[in-house]
Amino acid sequence: MLRTHTCGQPDKALIGETITIAGWVHRRRDHGDLTFIDLRDRYGITQVVASASGEPAHAALAAVRSEWVLQIEGRVRARPEGTRNPKLPTGEVELVAGRVTVLNESKTPPFYVNEETPVDETLRWKYRYVDLRRERSRELMRLRHEVVDHIRRHLVGQGFWEIETTNLIRSDPTGARDFVVPSRYYPGRFWALPQSPQQLKQILMVGGVDKYFQIARCYRDEDPRADRVYEHTQLDVELSFVDPEDVTALLEELYTGIFKKFASKPMRPGAWPRFTYAEAMRRYGSDRPDLRFGLELVDLGDFTSSGLGVFRDAEAVRGLRVPGKADASRREIEAWEQLARRKGAKGLATFAFKGSDVESRVAKFLRPAEISSIGAASGAQPGDLVLAVADSAHVASEALGLIREKMGDELGLADASAHAAAWVVEFPLVERTPEGGWTFAHNPFCAPLADEDLALLDTDPLRARSKQYDMAVDGKELGGGSVRIHRRDVQERVFAQFGVGKEEAALRFGALLDALEYGAPPSGGAGLGIDRLVMTLAGTENIREVQAFPKTQTGFDPLLDAPAEIDPALLKELGLQVVIPTKRT
RNA sequence: GGUCCCGUGGUGCAGCGGCCUAGCAUACGUCCCUGUCAAGGACGAGAUCGCCGGUUCGAAUCCGGUCGGGACCGCCA
């Protein structure tokens, strides 16, 4: 070993001892004949001192520069009275440099390691090895490691097996665009990188594994955003012979423990609130409600004989009371209206309750009774603003839900002192596509909630519920899962709903369907985003910060300078020819 | 595929038609300094303002294009 102690260790107990530490030059303070070096490693910082009298150690310390790598042997001594540094865990002592060895020099770093100033991301990722030495980056890596470690210990302690599934699988056109890898033995064929180990973990259950988990890399070739990138990591779990309640209980215990141990602010105490999808949509206009604030959506009343056409003809007129915003500016309202339109609403009506008056551009089309009903239904007080959307119940709720979400941040309504978790359960089994077809709400393997729900596929598919459950924390989906279909006939019936016939299903999901015929047990599980979890715990919105080697928004890796062209010989071997599309003018 | 914002010494910012011979902080280099811990002091070096083109007597500054980055929409079962 090149060291006997780390830079975080020296304390009073070591006074008088000769030790050797190694690390990076964090800072140098040169007083001429007295020179200090802060030596840094992952564990901490130790002050090293050398005084003149022509010592070689002093000459060595004086010559050293930022980020040089040193090995220093010296004697630990108590710092003189009045020079102790309470800000450092090692601040009671210092190391009197004896033998100083320069293990490596360093160019002047491209940005500061010893300051938490913002730096252009491309530069950070290009020099990630320098960036990782910075405190924030290091602590995020540490947090992520500790969270994953906690998860492993917890699940292993409950009898789970950690099993790695293959990363070269079959491409499936549903869902996100696949990352694809050419096959050399089978020219013209391609592997796909998994978007999640979904089918494989179900197959593990058929194999009798009973309790499985994996810290799994997932890949999708869709345009990156602040909170999503090509590669993310998910905690993938699956158990046999369980109901949704078993899985949510397991995860709730795990996550409550994680938040208790790692979050900078507490989770709201007690069992997590549980909403059906229908209730979450009705009350919050979202399937991942932010419970850090109230501001629930309401039905504004019956307008079936109203003079206002858009209200009369709509399936629902839903409202959101915004306390104290009766004097909202035209600009604010337009911004909210934009959000509503994004969810398909045709417009946004406003009712400003000012004293006994109600100001609204649509007031003249409504009867006084209708206006007072709006006030009563929403509980509006003088000074409040009521936002209303008339549309299908779903569109109206979603539109107001998005506005509500925005309010949480904008108006500072969200309680910043605690995290608020929730379960949303009983998702619909199927949804309408914009083109009028059917698609699955989460994944096509999700079991119907009950026999009647399966039957509803024949009569009223939108009402069919599933055994899907989602975990939401602070209005963000941290993960979700379901109890799976474990019978081939049921799976084929569900596929049929999406227009996937038996033959096509056999082609695309053959292995899983076959497996269902060989004694597949009922099973359930979940996939939970590790990156998002760490982001939530750390309070950052930037997913790249919690990954060790991030790419830019265009998916470029500034560190490895990738993607890159490959050797033509390799292309030939793979049977590939590159045709670069010409840009249209 | 689209919209918006940003690109100025190593880093972070300012300057937004002439006062710029481009300012500030920090880093960097040399020198002084025995108790600092964001050490201090003195001096110094370092930028054709991402790139190309245009407008103008004059462009870091205005316009167009392009490249790079970020945020967002589409997309993301």
Side-chain angles (χ1 to χ4, degrees), chain A residues 26-40 45-53 55 58 62 65-67 77 79-88 90-91 94 96 106-127 130-131 134 172-178 195-196 198-199 218-230 232 338-339 341-343 427 429-431 433-434 438-446 468 477 480 482 494-495 498 500 508 527 529 541-542 544 550-556 558 583-585:
Chain A
H26 188 66
R27 232 179 258 282
R28 190 170 57 104
R29 290 178 294 281
D30 189 345
H31 292 231
D33 282 340
L34 179 71
T35 298
F36 299 98
I37 295 275
D38 289 338
L39 202 66
R40 182 199 68 239
I45 288 175
T46 291
Q47 173 167 289
V48 181
V49 63
S51 49
S53 55
E55 291 173 34
H58 180 264
R65 293 294 180 264
S66 281
E67 299 307 312
R77 81 171 173 211
R79 294 200 193 184
E81 199 62 50
T83 67
R84 301 190 178 131
N85 186 348
K87 283 186 281 183
L88 279 183
T90 61
E94 61 193 0
V96 183
S106 171
K107 288 185 174 180
T108 301
F111 48 82
Y112 308 108
V113 175
N114 52 18
E115 283 180 33
E116 295 300 314
T117 49
V119 178
D120 176 71
E121 280 192 17
T122 317
L123 203 62
R124 287 180 66 193
W125 312 149
K126 180 175 168 67
Y127 296 97
V130 174
D131 184 68
R134 306 172 91 205
D172 183 64
T174 51
R177 192 179 294 114
D178 279 324
Q195 296 179 28
S196 89
Q198 183 62 39
Q199 294 182 59
C218 304
Y219 306 86
R220 55 183 171 195
D221 188 5
E222 295 291 352
D223 293 354
R225 280 288 196 291
D227 62 346
R228 63 175 212 239
V229 284
Y230 286 160
H232 73 278
Q338 275 307 314
L339 293 177
R341 286 182 195 281
R342 209 191 283 171
K343 288 292 183 185
F427 277 76
L429 202 50
V430 300
E431 287 175 352
T433 63
W438 296 100
T439 184
F440 32 90
H442 269 83
N443 75 46
F445 313 113
C446 203
Q468 163 80 28
E477 186 192 321
S482 66
V494 170
F495 277 143
F498 311 130
V500 177
R508 281 164 53 183
E541 301 290 319
N542 185 346
R544 284 164 242 124
K551 296 175 174 51
T552 69
Q553 194 170 57
T554 51
F556 180 75
K583 268 195 174 175
R584 64 186 174 80
T585 43

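Note: hydrogens, waters and symmetry copies are ignored here, and every other heavy atom, side chains too, is used. Values in this document were obtained by computation on a predicted structure and should not be read as measured data. Below, read A as the first sequence line, B as the second, and so on, with proteins coming before strands; counting in each chain starts at 1.
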Could I get the full list of salt bridge (Lys or Arg N to Asp or Glu O under 4.0 Å) partners for A:Asp30, not counting sequence neighbours?
-> A:Arg28
Please name all residues satisfying salt bridge (Lys or Arg N to Asp or Glu O under 4.0 Å) with A:Asp172, sequence neighbours left out, ordered by chain then number.
-> A:Arg508
Is A:Phe111 stacked on the base of B:U11, with ring centres under 5.5 Å apart and planes under 30° apart?
-> no
Verify stack between A:His31 ring and B:A39 base, 5.5 Å, 30 degrees = yes
If you look at every strand shown and take non-hydrogen atoms under 4.0 Å, does [X] touch a base, only sugar-phosphate, or nothing?
{"X": "A:Arg124", "value": "nothing"}
{"X": "A:Arg27", "value": "sugar-phosphate"}
{"X": "A:Thr554", "value": "sugar-phosphate"}
{"X": "A:Arg342", "value": "sugar-phosphate"}
{"X": "A:Arg40", "value": "nothing"}
{"X": "A:Arg220", "value": "sugar-phosphate"}
{"X": "A:Gln468", "value": "nothing"}
{"X": "A:Gly32", "value": "base"}
{"X": "A:Thr433", "value": "nothing"}

Are any protein N/O atoms closer than 3.5 Å to N/O atoms in nucleotides 12-16 of chain B? If there are, list each pair with its distance.
{"unit_1": "B:G12", "atom_1": "OP1", "unit_2": "A:Asp120", "atom_2": "N", "d": "2.8"}

Compare all side-chain heavy atoms of A:Gln553 with those of A:Glu121 and state whether any distance is below 4.5 angstrom.
-> no
A:Tyr112 vs A:Val119 side-chain heavy atoms within contact, under 4.5 Å = no
For A:Cys218 and A:Ser196, work out which heavy atoms get closest and say how close.
-> SG-CA, 3.8 Å
Identify, with sequence neighbours excluded, every residue that meets ring-ring contact (aromatic ring centres under 6.0 Å, His included) alongside A:Phe111.
-> none
Counterpart residues, ring-ring contact (aromatic ring centres under 6.0 Å, His included), relative to A:Phe440 (two or more places apart) | A:Phe498
With the criterion being N/O to N/O and under 3.5 Å, what pairs connect the protein with nucleotides 45-47 of chain B, and how long is each?
none

Check every atom of [options] against the side chain of [X] and return the nucleotide holding the closest atom.
{"X": "A:Glu121", "options": "B:G70, B:G74, B:U36", "result": "B:G70"}
{"X": "A:Arg225", "options": "B:G70, B:C75, B:C37", "result": "B:C75"}
{"X": "A:Arg65", "options": "B:A71, B:U30, B:U34", "result": "B:U30"}
{"X": "A:Phe440", "options": "B:A77, B:A38, B:G35", "result": "B:A77"}

Between [M] and [N] - [atom1] atom distance, rounded Å:
{"N": "B:A59", "M": "B:G74", "atom1": "C1'", "answer": "38 Å"}
{"N": "B:G23", "M": "B:C16", "atom1": "P", "answer": "15 Å"}
{"N": "B:G40", "M": "B:G35", "atom1": "C1'", "answer": "13 Å"}

Please determine, for [N], whether a Watson-Crick or G-U wobble partner exists with both distances under 3.5 Å, and give it or none.
{"N": "B:U48", "value": "none"}
{"N": "B:U61", "value": "none"}
{"N": "B:G7", "value": "B:C67"}
{"N": "B:G40", "value": "B:C32"}
{"N": "B:C19", "value": "none"}

Want to settle it: does A:Ala226 or A:Ser66 sit nearer the 5' end of RNA chain B, counting the closest nucleotide to each?
-> A:Ser66
Can you list everything that forms a side-chain hydrogen bond (donor to acceptor under 3.5 Å, both in side chains) with [X]? Sequence neighbours excluded, please.
{"X": "A:Glu94", "value": "A:Gln47, A:Arg77"}
{"X": "A:Lys551", "value": "A:Glu231"}
{"X": "A:Asp178", "value": "A:Ser171, A:Gln195"}

Presence of A:Gln47 side-chain N/O under 4.0 Å of B:U36 phosphate oxygens OP1/OP2 | no
Between CD of A:Gln338 and P of B:C72 the distance, given in whole Å, is 17 Å
Derivation and outcome, salt bridge (charged side-chain N to carboxylate O under 4.0 Å, His left out), residues A:Asp38 and A:Arg29 | CA-CA 8 Å; A:Asp38 289 338; A:Arg29 290 178 294 281; 2.9 Å; yes
